[in-house]
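Reading through the structure tokens given below for one structure.
All chains are named by letter (A, B, ...) in the order of the sequence lines, taking the proteins before the strands, and each is independently numbered beginning at 1. Heavy atoms only: backbone and side chains are in, while hydrogens, waters and symmetry mates are out. Keep in mind that what you see is a predicted model, and the values were worked out from it rather than measured.
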Amino acid sequence: MSSLYFYNSLTRQKEQFNSLIPGRVGMYVCGPTVSGESHLGHARPFITFDIVYRYLNHLGYQIRYVRNITDAGHFEEEGRDSEDKISKKAVLEKLEPMELVQKYTNLFHWAMREFNNIEPSIEPTATGHIVEQIVMIEKIIADGYAYIANGSVYFDVDKYHKNFGAKGMPYGILSGRVLEEQLESTRELESQEEKRNKSDFALWKNAAPEHIMRWQSPWGLGFPGWHIECSAMSTKYLGEEFDIHGGGMDLQFPHHECEIAQSTVCNHRIPARFWLHNNMITINGRKMGKSYNNVIKLSELFSGSHELLTQAYTPMTVRFFILQTHYRSTLDFGNEALQASEKGLRRIWDALVLLNKFDLNIGGNGVAGDPDLDNHCNRLLIALDDDMNDDLNTAKVLAGLFEMVPTINSIKDGHTSTDALSKDTLALMKLKFNTYLVDIFGLKDERGQSDEKLSSVLKLISEIRNDARAKKDFATSDKIRNQLLDAGIQLKDDKDGGVSWEVI
RNA sequence: GGUCGGGUGGCCGAGUGGCUAGGCAAAGCUCUGCAAAAGCUUCUACAGCGGUUCGAAUCCGCUCCCGACCUCCA
């Protein structure tokens with residue numbers, strides 16, 4: 001079997017993944033800022049890294065998965081409005097800041113459960129780690145890479161770049177940005193007079209009296225800068241160097257770049273070895289974002305209550321939609337595309353259910369009745385792991401699984417002999433379908449067919465309908481079928497005279 | 001303006017030198033009392049122009065178009 005490769009943003013190439021400590025993985029993923037309701041864009045990184053988590057888990061690693069909650073709010077760094085984002089909105093809504101943060105945290109957790117994402121091992125909050133952040137800032141100041149100005153503390157990017165650049169860790173190592181070019185930009189912004197250089201960023205920000213969220217610090221009342229929380233919390237829970245740091249591509253610069261600079265000053269090494277970045281979801285080719293006014297909230301997505309939506313989409317449809325694209329490609333949202341995912345998911349899930357009902361003994365005992373088909377399936381089955389190992393090509397894995405669906409359906413319908421595949425092939429197919437769809441991709445049945453009372457009722461109704469059909473009383477049989485369909489239950493007459501049904 | 005990425009059939013999307021992914025949609029056929037589901041078949045695309053090569057969607061060059069980041073952002 002092939003080994004796992006990740007595309008590492010830090011080195012800009014695919015690299016074989018090995019953990020620092022055999023069998024254990026430390027993974028940090030930038031979590032949400034809970035100043036508003038989660039939207040479709042948030043779904044992508046958290047589903048993507050849920051897959052990373054699940055896959056590493058499948059490979060046998062023990063993982064500490066840390067995903068923060070940013071509840072202290074990022075200030076408007078460029079000084080257009082120096083007020084904390086969260087406290088500003090809190091004033092508008094006349095709520096306590098922590099009340100607001102709690103509300104959106106709860107909504108975020110709800111959405112994560114809907115998506116069937118596994119909970120992180122630790123979900124630290126920024127407000128719960130003010131002390132750690134202050135300690136880290138003090139260390140950076142002591143080492144001479146930060147300076148104090150009017151109760152705020154700024155990171156000296158230029159000095160860092162000169163000294164650490166000489167050690168092969170320049171500012172820009174992750175994003176590929178050249179500091180010298182940035183210094184040349186002629187942008188004039190207010191409140192920058194405190195900074196020595198415009199590329200410097202805040203570690204601690206002095207808070208005005210009207211600012212509600214603020215903490216005592218050696219530099220006066222204030223609040224932490226945008227990037228320091230992740231450095232402080234990742235170091236605390238994963239150590240000075242850990243395996244994977246993940247997040248959206250939009251965080252690569254400046255957020256992750258600054259994180260690297262801060263942590264590197266404190267710990268003399270780049271904090272994470274593998275930097276994974278998922279690409280954006282776009283709407284009509286444009287990134288979804290507050291500034292574009294094209295945000296679809298997750299609650300709107302699940303209920304269909306957004307003007308861009310022609311219908312509601314279930315969490316699993318959205319999850320499947322995301323899985324059908326490689327995580328580093330942009331994914332363009334559209335009703336047609338979502339509907340395709342909805343139907344595709346149903347098709348592959350139905351195949352899984354069928355496969356799980358197959359008696360493994362129907363397979364040719366050791367010998368395949370149709371060697372060509374058997375070989376074909378085996379090749380597809382083996383390729384699944386290779387595709388997954390190739391930087392998590394979930395799109396290709398799904399394509400491989402889809403290629404086996406006609407075979408599964410043919411066996412069920414009797415178009416293909418039950419012993420066309422060998423027992424081993426059939427067993428492997430069953431294993432892989434379950435492993436990938438359920439364990440690794442985290443898909444689940446949303447249609448609730450396991451209700452035993454409903455099953456027995458439908459069995460009775462189906463028998464009555466079959467009696468009617470036997471008497472050629474099609475008016476009655478069609479009435480039963482149509483009215484059940486109106487009620488959301490679809491009957492399907494099978495080849496063998498049986499009846500199957502599904503909730504739609 | 002700087003940096004980076006991309007343009008694949010009606011739609012969404014894999015693929016990175018030869019072996020024409022996959023899903024959805026559409027059409028035909030089979031099955032069926034009729035449906036639905038399913039199976040089989042069809043639709044064979046790689047922005048444009050040059051170049052390298054026996055051979056290019058895939059490599060190189062140029063042109064056009066789009067997006068992301070540089071500012072809160074998943």
Side-chain angles (χ1 to χ4, degrees), chain A residues 12 29-33 35-36 38-49 73-81 85 172 175-178 181-182 184-187 189 199 226 246-255 277-282 285-292 295 320-321 324-326 328-348 350-351 354 383 387 393-403 405-410 412-416 469 472-474 477-478 481-482 485 490-495 500 502 504:
Chain A
R12 294 171 191 79
V29 175
C30 288
T33 301
S35 60
S38 301
H39 56 77
L40 174 57
H42 291 105
R44 193 154 194 203
F46 303 131
I47 288 173
T48 297
F49 289 102
H74 302 145
F75 53 87
E76 300 286 343
E77 196 189 15
E78 295 300 339
R80 284 195 307 272
D81 182 349
K85 192 160 88 184
S175 59
R177 248 158 253 277
V178 180
E181 284 172 358
Q182 294 203 60
E184 282 167 19
S185 91
T186 55
R187 221 160 149 168
L189 298 150
S199 55
W226 175 28
M249 259 179 200
D250 50 345
L251 295 180
Q252 196 169 343
F253 189 90
H255 185 56
H277 291 100
N278 63 275
N279 216 316
M280 305 289 103
I281 289 180
T282 57
R286 274 212 114 83
K287 189 181 89 165
M288 188 175 303
K290 285 164 193 157
S291 42
Y292 292 119
V295 174
F320 191 76
F321 174 64
Q324 276 188 298
T325 307
H326 185 92
R328 282 191 297 107
S329 299
T330 54
L331 170 56
D332 201 39
F333 166 89
N335 282 290
E336 246 186 301
L338 261 299
Q339 281 158 13
S341 292
E342 185 179 81
K343 292 189 176 171
L345 172 60
R346 170 171 297 200
R347 178 170 160 83
I348 206 160
D350 285 348
L354 269 180
D387 292 333
N393 199 333
T394 57
K396 222 173 166 187
V397 171
L398 282 174
L401 292 173
F402 267 116
E403 281 206 70
V405 169
T407 302
I408 295 167
N409 285 327
S410 288
K412 186 250 178 185
D413 280 349
H415 294 139
T416 296
R469 290 175 69 204
K472 305 246 184 246
D473 178 7
F474 297 123
S477 69
D478 287 353
R481 190 175 64 198
N482 292 336
L485 189 62
Q490 185 174 64
L491 293 186
K492 290 184 247 184
D493 297 332
D494 293 340
K495 292 277 183 295
S500 62
E502 67 179 331
I504 54 173

Which whole-number value in Å describes the distance from [X] [atom1] to [N] [atom2]?
X	N	atom1	atom2	value
A/Met249	B/A68	CE	C1'	9 Å
A/Ile348	B/C12	CD1	P	21 Å
A/His415	B/U41	NE2	P	12 Å
A/Glu342	B/C12	CD	P	18 Å
A/Phe321	B/A74	CZ	P	19 Å
A/Arg12	B/C4	CZ	P	9 Å
A/Asn409	B/U30	CG	C1'	15 Å
A/Glu336	B/A25	CD	C1'	7 Å

With stacking defined as ring centroids separated by under 5.5 Å and planes differing by under 30°, is A/Phe474 stacked against B/G33?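 Yes, aromatic ring over the base.
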Whether [X] contacts [N] is assessed here as follows: a side-chain N or O lying under 4.0 Å from the phosphate OP1 or OP2. Is that the case?
X	N	value
A/Lys343	B/A25	yes
A/Thr33	B/A74	yes
A/Arg286	B/G67	yes
A/Ser341	B/C24	no
A/Asn482	B/A35	no

Among the nucleotides [options], which one has an atom lying closest to any side-chain atom of [X]?
X	options	value
A/Pro254	B/G13, B/A37, B/C70	B/C70
A/Asn278	B/A74, B/A68, B/G39	B/A74
A/Arg347	B/C70, B/C12, B/C24	B/C24
A/Arg469	B/G15, B/A74, B/G33	B/G33
A/Gln490	B/A38, B/A25, B/A36	B/A36
A/Asp478	B/C69, B/G23, B/G33	B/G33
A/Val405	B/G39, B/G23, B/A74	B/G39

Please report the closest heavy-atom contact between A/Gln252 and A/Ser175, naming both atoms and the distance.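 Between these two residues, the closest heavy atoms are NE2-CA, 3.9 Å.
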Taking the C1' atom in each of B/G9 and B/C4, what is the distance between them to the nearest angstrom? 29 Å
- B/G15 and B/C46, which share atom name C1', separated by this distance in whole Å: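 Roughly 11 Å separates the two C1' atoms.
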